[in-house]
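Working notes, structure below.
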2 protein chains.
Amino acid sequence: MKNIRCQLFKGIKDEELKQLYNCLRARQAEFKGGEELYSFGSGKTVLGVITQGKVVVKKIDRNGNVNILDHIQKNGVISNAFAFSQTDGNFVSAYAVENTKVVFFDYSNVFKRCQKACEYHSQFVENLFDIVIEKSKTLSQRVEILSNKTIREKILSYLSFAVKNTGSTEITLPMSLTSFAEFLSVDRSAMMRELKKLSVGGIIKTDKRIITVLKREYI
Amino acid sequence: MKNIRCQLFKGIKDEELKQLYNCLRARQAEFKGGEELYSFGSGKTVLGVITQGKVVVKKIDRNGNVNILDHIQKNGVISNAFAFSQTDGNFVSAYAVENTKVVFFDYSNVFKRCQKACEYHSQFVENLFDIVIEKSKTLSQRVEILSNKTIREKILSYLSFAVKNTGSTEITLPMSLTSFAEFLSVDRSAMMRELKKLSVGGIIKTDKRIITVLKREYI
DNA sequence: AAAATATTGTTGCAAAAACCACAAAGGAAC
DNA sequence: GTTCCTTTGTGGTTTTTGCAACAATATTTT
């Protein structure tokens, strides 16, 4: 298996990485676009790195409503260890958005220090820590966005974070408007209506997936 | 300062703990009920353990809407390192619900290993890791709850997690109904109405803050 | 290039939720 | 015990949202 260079393995040398692969029982899997990542919804705890492609985590409730819980890009980490549990009435699953390669690790071995108490194992834990913190921050942003009552406020809250995170007032949505509505957990047509209102009000300018914030004092 | 026995210091001996306090520049602070925890909303990154009392993290937006972002109990960890950032239009603050004692640490020193590369420091990082994972899980549950469209679904989703987490179908809300509405980010009167509908429908039974789930197949 | 599929854009209508206002009950403080 | 304040409980009204349906573009697949 080719060595993966990503945040999870930052500061770990190639030869150490090989040993770590062994230690964590790394194995690669490939998924076609639209295909469901097995083992995510299963009871087993998984930890994986997306080395190619994109993954979306969705929840489908008993009424068939689809909610997007997470988007994971290349070099992103996917795990049910620290996010999104399955409840009786819901199915949480991860899907490859395009052709995707994932390297899975045995999560149970992460904290089992090998006999040699290797230093790079500590480094690995610290890297994983950073990633979980990052995910945690993203989740709290998500909570803040969703805790707005109206669609308008949700959109503006999203834009507020996006402007803050990117430093630009021209935001290109990393997903389709359909998915964006699912991300905000609102009806798509109602969202479109609200986007139009915001445009007419001169607060934003929209062109497909590109939203430009014109009046920063509103976000 | 008295030694704190909590998740954050699990597996660390008393004498090591003393050294760790020094290493992380631990300092205690007390807050009266209703008082705002300084330093949380400030730019500085804080890490604290609630050793007594209760804390609630709130967001107040430009329109004066209050949203509860988090509840932190005794032995819980409070930090802006991995959750809830301030944006231009919003104020995020933490308030003591009752008389509360907090021990603050210098977050910047957490990953600076002391010269002796003490083993307990690793243990500390691992403990903090567990806490962040826990918080992350709580946050994703929150996202799942909030990503329901209707108040009814939000309530049922909350109950679903509560039943799953506690193992009992009799749920005592850890907050007032007023706060519960803020937690679900819905209007209180609308929520009360929905609770009544669920009661009349025989799905739940309510008595103030005690909600008993009668038909598990609905949650 | 044509066909199939997904995305964007828009509307009328019904349902749900927010907002507002008020009364009663419960607790805390004096 | 009385006062004050918070919480609980309820109802009417307005606004917002979700739903369904459809057309027009894009995009992908064959």
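Excluded from the calculations below are hydrogen atoms, water molecules and symmetry mates; all remaining heavy atoms, backbone and side chain alike, are included. Here is how names work: the chains are called A, B, and so on, in the same order as the sequence lines, proteins then strands, and each is numbered from 1. Note that this is a predicted model, so its numbers are computed, not measured.
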Excluding sequence neighbours, so at least two apart, what forms side chain to side chain donor-acceptor pair (under 3.5 Å) with Asn22(A)?
-> none
Who pairs with Asn99(B) by side chain to side chain donor-acceptor pair (under 3.5 Å), at least two apart in sequence or on another chain?
-> none
Contacts of Gln73(B) that satisfy side chain to side chain contact (heavy atoms under 4.5 Å, CB included) - sequence neighbours left out = Lys54(B), His71(B)
Partner residues of Thr212(A) under the side chain to side chain contact (heavy atoms under 4.5 Å, CB included) criterion, sequence neighbours left out | Glu170(A), Lys205(A), Ile210(A), Leu214(A)
What integer distance in Å separates [X]:[atom1] from [N]:[atom2]?
X: Leu156(B); N: dA16(C); atom1: CG; atom2: P; answer: 14 Å
X: Met191(B); N: dC19(C); atom1: CE; atom2: C1'; answer: 15 Å
X: Leu184(A); N: dG18(D); atom1: CG; atom2: C1'; answer: 15 Å
X: Glu182(A); N: dA6(C); atom1: CD; atom2: P; answer: 13 Å
X: Glu153(A); N: dT15(D); atom1: CD; atom2: C1'; answer: 13 Å
X: Ile210(A); N: dA26(D); atom1: CD1; atom2: C1'; answer: 15 Å
X: Ile155(A); N: dT16(D); atom1: CD1; atom2: C1'; answer: 13 Å
X: Asn99(A); N: dT28(D); atom1: CG; atom2: C1'; answer: 13 Å

Determine which pairs satisfy salt bridge (charged side-chain N to carboxylate O under 4.0 Å, His left out) with at least one residue from residues 181-193 of chain A, sequence neighbours left out, and list them in order.
-> none
Is a side-chain donor-acceptor pair under 3.5 Å present for Ser179(A) with Ser176(A)?
-> yes
Please check the phosphate of dC19(D) (OP1 and OP2 only) for any side-chain N or O of Lys149(B) closer than 4.0 Å.
-> yes
Heavy-atom protein contacts under 4.0 Å, nucleotides 5-13 of chain D, coded B base, S sugar-phosphate only, - none | --SBBBBB-
Between Phe9(A) and Phe105(A), ring centroids under 6.0 Å = yes
Estimate the overall bend of the helix from dA1(C)-dT30(D) to dC30(C)-dG1(D) from the end axes over five pairs each, rounded to 10 degrees.
-> 60°
For Tyr95(B), enumerate each residue passing the ring pair (Phe, Tyr, Trp, His ring centres under 6.0 Å) test, keeping only those at least two apart in sequence or located in another chain.
-> none
Please collect all side chain to side chain donor-acceptor pair (under 3.5 Å) contacts where either partner lies in residues 195-204 of chain A, sequence neighbours excluded, each pair once.
-> none
